[in-house]
Number of protein chains: 2
Amino acid sequence: MVAEKLTAPDPETLVSEAKAAFRDGAMLTVQARCEVEYEGRTSGYLGPGDRILVAKPDGTFLVHQPTGHKPVNWMPGGGSVSARTSEDEAVLLARRTNPSERVEARILEAYGLTRFDATDGATYEESGTEAEMHEYIEENPDVLEEGLRIVEHERESKYGFIDFFARDESGTPVVVEVKRIQATLNHFDQLQRYVSLYEETNDTVRGMLVAPSASERVERALRDNGLEFVELAEFDTDAKGATEAKLTDF
Amino acid sequence: MVAEKLTAPDPETLVSEAKAAFRDGAMLTVQARCEVEYEGRTSGYLGPGDRILVAKPDGTFLVHQPTGHKPVNWMPGGGSVSARTSEDEAVLLARRTNPSERVEARILEAYGLTRFDATDGATYEESGTEAEMHEYIEENPDVLEEGLRIVEHERESKYGFIDFFARDESGTPVVVEVKRIQATLNHFDQLQRYVSLYEETNDTVRGMLVAPSASERVERALRDNGLEFVELAEFDTDAKGATEAKLTDF
DNA sequence: TTTTAAATTTCGATA
DNA sequence: TATCGAAGTTTAAAA
């Protein structure tokens, strides 16, 4: 049986089921009223309430309230989850080192428990990422500017990586920073950092921020600092085209 | 009953249970073999495998594989989740607008389903955040430098907010950027942006990045640009002290 | 292991 | 509603 379920397990049953799941590498889901403590990079406390607890075989531990995308408390994979009874209550504890941290869920009342012996060999395939936007630009530099030549992709500099190092029609060097989302001040900063560095050793250099859009403040910052904004919203690579065809077929 | 559980529901049962849960504002958890599509800011496809699906009453939808902290596919709250049968299979669909996106999980085999009528009025209380680090510095500016006076907290400038605007013992203005984690190049960028701006209208200004640590590259970037790094790892506010006492009592 | 930057980042605060 | 910056960010890639 792939999934085994218990309704309202008592603390001892919950702990023994949890231990068995951890031992066997199964996923564990618990619906419970609980309180939660976190101690690590910061510290925090969550008072009693109803939540879903999920423990994965890689040490991942999640505490989900009835709303919100993010777990209210969690532990990333790499550590381990354990179960024990304490003062007649079941306690789930997730720990890891580097950084050293712990999440402890004290279960005041368990409503349900599911053990799930899951098998999943699939990996997620994604299109429309920034990496694909890079590919598209590399193959079609003219969309940025007529006559632009890409000299180098992901060039390492003293202060970080430049997305593209290029030259315009007249041979002037162009530092290009690419974003697949609306450009932010931090993105402006990044470009400015690379351009400043280049200016230390060379006279003329252009800086170009490529993105589907930019806020007013970002456009002004670029203008004030002699940098350029190039709007690029649409891009299509072979990979993306292939995936889209597949999704349409579905 | 707070949590109701079904083992291996057929598609029709799953859909009707899911609809009822969505209608009543309950949390839904499903253990299933499924395939998943995402279409929105990017697009992607995840082939068949065993996952835990969670739907929350606020429209949050999560698809969790057996490993990893982050859901492989998800929808943040704000939209809605619906259920239907299609070609004799149960399908869960999460949608939202702004941005327009959708996640569709086609359930090939359901192993378990739990409806959870959860009530949770608690809010997470946290200590050790950057906001508390700000409080600590405001009350103890000497930890940054002997004789430093804080003039303004969160000062707005043309290109963003300065954490602290201060003056040193000799009256020279100091722009202070504070991070509670190891300083990154982006943090250096932020400080540099504020300092450059100030230099446009004033002659002398110091820039100070405060953090528990910084990488070699960040330290060099600061040095090369005449900015300063102040190491500050420990800080304690009344709030943090209070919470720590409580956790110790536990 | 450390660093660097992306992310379907999410989230909260602010204007 | 858009923007800005923090986050216990996590994750992946590269050195």
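What you see below is based on every heavy atom in this structure, not just the backbone, and it leaves out hydrogens, waters and symmetry mates. Convention: sequence-line order gives letters A, B, ...; per-chain numbering from 1.
If you take CZ of A/F61 and P of D/dG8, they are 17 Å apart, rounded to a whole angstrom. To the nearest angstrom, P of D/dA6 lies 9 Å from CD1 of B/I181. Rounding to whole angstrom units, CG of residue B/L191 and P of D/dG5 are separated by 13 Å. Rounded to an integer number of Å, the gap from B/K179 NZ to D/dA7 P is 8 Å. Taking atom CZ of B/R180 as the reference point, atom P of D/dA6 lies 11 Å away to the nearest angstrom. Atom pair B/N186:CG and D/dC4:C1' shows a separation of 13 Å (rounding to whole Å applied). If you take CG of A/L62 and C1' of D/dG8, they are 14 Å apart, rounded to a whole angstrom. Rounded to an integer number of Å, the gap from B/M133 CE to D/dG5 C1' is 16 Å.
The side chain of A/Y38 places no N or O atom within less than 4.0 Å of a non-bridging phosphate oxygen (OP1 or OP2) of D/dA7.
Of the residues in residues 71-78 of chain A, those lying under 4.0 Å from DNA chain D by heavy-atom distance are A/N73, A/W74, A/M75, A/P76. Residues of residues 214-227 of chain B having a heavy atom closer than 4.0 Å to DNA chain C, listed by number: B/S215, B/R217.
The existence of a salt bridge linking B/R180 and B/E126 is excluded, since no basic side-chain nitrogen approaches an acidic carboxylate oxygen closer than 4.0 Å. For the pair B/R84 and B/E104, the salt-bridge criterion is met [side-chain N within less than 4.0 Å of a carboxylate O].
Contact record, A/F165 with A/P173: CZ-CB, 3.7 Å, taken as the closest heavy-atom pair. In terms of heavy atoms, B/W74 sits closest to B/V103 at O-CG2, 3.2 Å. Closest heavy-atom contact between B/N186 and A/N186: OD1-O, 4.1 Å.
Judged purely by atom type and a 3.5 angstrom limit, B/E152 has no side-chain atom pairing as donor or acceptor with the backbone of B/I162. Proximity of a side-chain donor or acceptor of A/R51 to a complementary backbone N or O of A/C34 within less than 3.5 Å is detected. Between the side chain of B/D163 and the backbone N or O of B/V178 there is at least one donor-acceptor pair closer than 3.5 Å. No donor-acceptor distance shorter than 3.5 angstrom exists from the side chain of A/T97 to the backbone of A/S100, with no hydrogens or angles considered. No donor-acceptor pair closer than 3.5 Å links the side chain of A/R102 to the backbone N or O of A/G40. The backbone N or O of A/L62 sits nowhere less than 3.5 Å from a side-chain atom of A/K56 that would complete a donor-acceptor pair.
Here B/T184 pairs with B/H187 under the side chain to side chain donor-acceptor pair (under 3.5 Å) rule; sequence neighbours left out. Partners of B/R223 by salt bridge (Lys or Arg N to Asp or Glu O under 4.0 Å), not counting sequence neighbours: none found.
When the P atom is used for both C/dT4 and D/dG8, the distance is 23 Å, rounded to whole Å. Spacing of C1' atoms, D/dA14 relative to C/dT8, comes out at 24 Å, to the nearest Å.
Of the two residues near DNA chain C, B/G40 and A/K70, the one whose nearest nucleotide lies more 5' is B/G40. With the nearest nucleotide of DNA chain D identified for both B/E177 and B/N98, B/N98 has the one nearer the 5' end. Heavy-atom distances to DNA chain C give each of B/Q182 and B/V103 a nearest nucleotide, and the one nearer the 5′ end belongs to B/Q182.
Distance from the side chain of B/E130 is smallest for D/dA6 among the nucleotides D/dA6, D/dG8, D/dT10.
Within 4.0 Å (heavy atoms only), A/Y194 reaches sugar-phosphate atoms of the nucleic acid but no base atom. Across all strands, A/E154 comes closer than 4.0 Å to no nucleic acid atom at all (heavy-atom distances). Within 4.0 Å (heavy atoms only), B/T129 reaches sugar-phosphate atoms of the nucleic acid but no base atom.
Under the 30°/60° scheme for interplanar angles, the aromatic rings of B/H153 and B/F164 are found to lie parallel.
The distance between the ring centers of B/Y38 and A/Y124 does not fall below 6.0 angstrom.
First and last contacts of DNA chain C with chain A, using any nucleotide atom under 4.0 Å from a protein heavy atom and ordered 5' to 3', fall at C/dA5 to C/dC11.
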Protein-nucleotides 12-15 of chain D N/O pairs closer than 3.5 Å?
none

